[in-house]
Protein chains: 2
Amino acid sequence: MKVGTAALTVDAAGMRAQNSSLLLNMIWRERQISRAEIARRTELSPSTVSAIVADLEHSGLVRSIGAGVSRGGRRPTLIGFRDDAFNIIGVELGATHVTVVLTDLRGRVRTTRNSPQQVRNDPEGTLKAVRALVQECLDAERVPKRSVVGMGVAVPSPVHPSAPGKMSPLILPAWRGYDVQDALRGTFDMPVFVDNDANLGALSECYWGAGVGGEDLTYIKLATGIGSGHIIHGDVYRGAGGTAGEIGHIAVDSAGPPCLCGLRGCLVTLIGSGALVERARELMGSKGRKAPTIREIVEGARAGDPAARTIIDGLGQYLGIAVAGLLNLLNPAIVVLGGEISSVGDLLLDPLRASVRKRALSTSMAETRIVTSALGDKAIAVGAATLVLQAALRSRALFPPQHVGRTPA
Amino acid sequence: MKVGTAALTVDAAGMRAQNSSLLLNMIWRERQISRAEIARRTELSPSTVSAIVADLEHSGLVRSIGAGVSRGGRRPTLIGFRDDAFNIIGVELGATHVTVVLTDLRGRVRTTRNSPQQVRNDPEGTLKAVRALVQECLDAERVPKRSVVGMGVAVPSPVHPSAPGKMSPLILPAWRGYDVQDALRGTFDMPVFVDNDANLGALSECYWGAGVGGEDLTYIKLATGIGSGHIIHGDVYRGAGGTAGEIGHIAVDSAGPPCLCGLRGCLVTLIGSGALVERARELMGSKGRKAPTIREIVEGARAGDPAARTIIDGLGQYLGIAVAGLLNLLNPAIVVLGGEISSVGDLLLDPLRASVRKRALSTSMAETRIVTSALGDKAIAVGAATLVLQAALRSRALFPPQHVGRTPA
DNA sequence: GGTACTTTCTTCGTCACTCGAACGAACGCG
DNA sequence: CGCGTTCGTTCGAGTGACGAAGAAAGTACC
């Protein structure tokens, strides 16, 4: 196996691999398409298309699914992608929980497990929990390991491109010396991909959410921390040092409160879950001194509670400052808001858009849609699985070889 | 010729094209390298390398340049890139001038011409001036058109990816209905590439300046307007609507003066050339009411004039707010400051870095170098030519065919 | 200085892959 | 039912990369 420099040279086999992946992608995207149509679109010869399709069919990735409508002659046989040919494992390491999903090749969750876990301070226990949950998922669906393409892991830390398994010592000091990638690859003997949680949320949205069909998207995760991820030309963008997307520490109020990072007025100190909850306790004054949860704020806002509305308004206004900068600098096609609080929808989007409009060029705004996520709470874990899917669709070799396709129920 | 959808399919010829471009790039980067070394690095077979090199040699792009040092056996014959095999035209449309350069394939300027021109309001005159200057450059060096790869044009407007020749009607309303790309392609019958000036400044820095060797860089142009350009994975990033990099309209002071764009406290209203000069007039009080030029501010700062120093300090502080946001969001490897005022060097960098340090995550800063440009005033025009060079090195077919290599002096 | 070993580069036969042409199968339409 | 059209396959040809072998040109060592 060739390692490292990845010289992009092509020989006869590489030619086949490239065309093969191209076809595989097209079939995956279109869900069903005839050989003739593929030949027309790719400008490959019909004979070549047939040969490659036969290959893919033999490896279980695609199959014939009946005839299509005639265009005046013989009816085409449609080729469909076998979403169930393989499985993928997605893992989310949150601040206080671990979530594992087992998905098919269309991002559908077959099984999921999660457990509370103090990820920040307990690397050993976290890894143990992940191992157990993954095994549970595999057992629950009777999935043999050879039908698993690989494992994606979302971590709550920036990820350096050159050592994706290692956490940032500044964010997660307890993880010094651990390498998530190595550890899990060692246990399960399959490819392991690691990336930052917000990046994977972005990927999730790009594949399954608001960004479907697009190639440039920014996702903002509103939770304990405020993170963002960029998809650029269909790929996660990590920046030179892997810390692209640290939107939470943009200074939006120079007179604001001090932040853990050592700066002052960071976005996260104003609109992180902690700040929102704290403000809710002041304003909503619910039942003495117990601070309401984010969920309660969401419900309050929906029910028309003025205090909750005020909190959401403030969130939108502050966030707008950062988003406006984002639009001017990056001009993404879509900005997607995720995290529990985003479920208030327009109640957040309206003040946010107003705030952005006051600060961003109208041309930047014109090209950008700002929406809230419609994916559920497993978006990040599914995004982790999607990272594997993306890689496998690009180089077919990642799919385990000679897999005899399971016949679905 | 295939047009449009650009299906990335590969046939035998495409295989050759791909490997050929790979080799051409390697030879260009290394300047001199032996066939054997190429074979080792690319993992192509020696016979294939020889065949491709023979191809390239025949088309005049490379040639043998003597023997290298032995590694214990026969001495290798070094292959060198012929920087003078073809020429490229680069055009900069500034706010008040037009600059044209004729470069070789290493970004060296062979001839240059420029003339003052009110680009903003006079599209017809501008195009006329460009045509005249380009022809002058070609005539001056007796360069036949068949030895010109193409023309790159830098324009002072965002460029929409789908119609690069058209200016933004908001920034340059007088250019409505004009298409720079079509107009010039029609006149000179060669490929024409158009992009935003800051984007091309970024490209220039990435190829010839502070970013050499890197793939991710942000360039900030400090002039009448404040623009920025991002190089991501070696390519100019334009964003969804082509307005990525509009850093000048980031709001840094909500109490600041109103801006032409309709917002308030935009960076450009505080540190654009106009604002700097105006502030200089107040502080430096030079000779009655005449405002000093940017050049005079630079000279004053260098000479230790406290007023000029104050202006530069303020510039650094404001700019730092925007740069800090940039680092957190994008985490580029290098930020390069361009424009005349940047020539003060450390006098600007010191307050800038201090300002950034107060506002950006230390991890983002750690991976990012902030420097001033060392390229001259033709950086943008050369960047425009570089856009053509980049495209041609990627698909060798762009080089005019069957060119009999000129023998240099 | 001669011999053995290395490295470089080319030559030539082989192989994998794509292409194009020709063909049979399947279908719509009159 | 027959004709034209579309779909998919088969087969021979062409192209380009590869590997083995060999010639050319050095180095190292006795």
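All of these numbers come straight from a predicted model, not from anything done at the bench. So that the names make sense, note that chain A is the first sequence line, chain B the second, and so on, each numbered from 1.
Rounded to whole angstrom, the span from the CZ atom of A/Arg41 across to the P atom of D/dC7 amounts to 13 Å. Distance, A/Ile79 CD1 to D/dC7 P: 13 Å, rounded to whole Å. The interatomic distance linking B/Ile38 (CD1) with C/dC9 (C1') rounds to 12 Å, in whole Å. Rounded to whole Å, atom P of C/dC17 lies 9 Å from atom CG of A/Asp11. The separation between A/Glu43 atom CD and C/dT18 atom C1' is 14 Å, rounded to whole Å. Atoms CD1 (B/Ile33) and C1' (C/dT8) sit 14 Å apart, rounded to a whole Å. Here D/dG8 presents its C1' atom at 15 Å from CD1 of A/Ile52, a figure rounded to the nearest Å. Distance B/Arg71 CZ to D/dG26 C1': 13 Å, rounded to the nearest Å.
As judged by a 4.0 angstrom heavy-atom cut-off over every strand, B/Pro76 is placed among residues touching the sugar-phosphate backbone only. Heavy atoms of A/Val49 sit nowhere under 4.0 angstrom from any nucleic acid atom.
The pair A/Asp195-A/Arg238 meets the salt-bridge criterion, since a charged nitrogen lies less than 4.0 angstrom from a carboxylate oxygen.
At a threshold of 4.5 Å between non-hydrogen side-chain atoms, the residues A/Val148 and A/Phe188 do not count as touching. Between B/Asn19 and B/Met15 the shortest side-chain heavy-atom distance falls below 4.5 Å. Here the side chains of A/Thr103 and A/Asn87 are not in contact, with every heavy-atom distance at 4.5 Å or above. Residues B/Asp235 and B/Gln390 are in side-chain contact: their nearest non-hydrogen atoms beyond the backbone lie under 4.5 Å apart. Within the 4.5 Å cutoff, the side chain of A/Phe86 has heavy atoms near those of the A/Leu61 side chain. Counting only heavy atoms from C-beta outward, the side chains of B/Ile79 and B/Arg63 never approach each other to under 4.5 Å. Residues A/Tyr237 and B/His233 are in side-chain contact: their nearest non-hydrogen atoms beyond the backbone lie under 4.5 Å apart.
With the nearest nucleotide of DNA chain C identified for both A/Thr48 and B/Ser34, B/Ser34 has the one nearer the 5' end. With DNA chain D read from its 5' end, the first of the two nearest nucleotides for A/Arg40 and B/Gly72 is the one closest to A/Arg40.
Using a 4.0 Å cut-off on heavy atoms, the residues of residues 12-20 of chain B that approach DNA chain D are B/Ala12, B/Met15, B/Arg16, B/Asn19, listed by number. Scanning residues 25-32 of chain A for heavy-atom distances under 4.0 Å to DNA chain D yields an empty list.
Contact annotation: B/Thr77 side-chain N/O to C/dT8 OP1/OP2 distance is not under 4.0 Å. For the OP1/OP2 pair of C/dG28 and a distance below 4.0 Å, the side-chain nitrogens and oxygens of A/Ser70 include no atom meeting the criterion.
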Annotated protein contacts, base or backbone, on nucleotides 21-26 of chain C with a non-hydrogen cut-off under 4.0 Å, one of B, S, - each: ---BBB

From CA spacing to verdict: salt bridge (Lys or Arg N to Asp or Glu O under 4.0 Å), B/Lys145, B/Asp189: CA-CA 9 Å; B/Lys145 256 195 338 212; B/Asp189 188 34; 5.9 Å; no

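With rounding to the nearest 0.5 angstrom, the CG atom of A/Leu24 is 10.5 Å from the CD1 atom of A/Ile52. For the atom pair CD1 of B/Ile334 and CD1 of B/Ile231, the computed distance is 11.5 Å after rounding to the nearest 0.5 Å.
Checked options B/Asn25, B/Leu56, B/Asp55, B/Val53; the residue passing with B/Ser20 is B/Leu56 (criterion: side-chain contact (heavy atoms from CB on, under 4.5 Å)).
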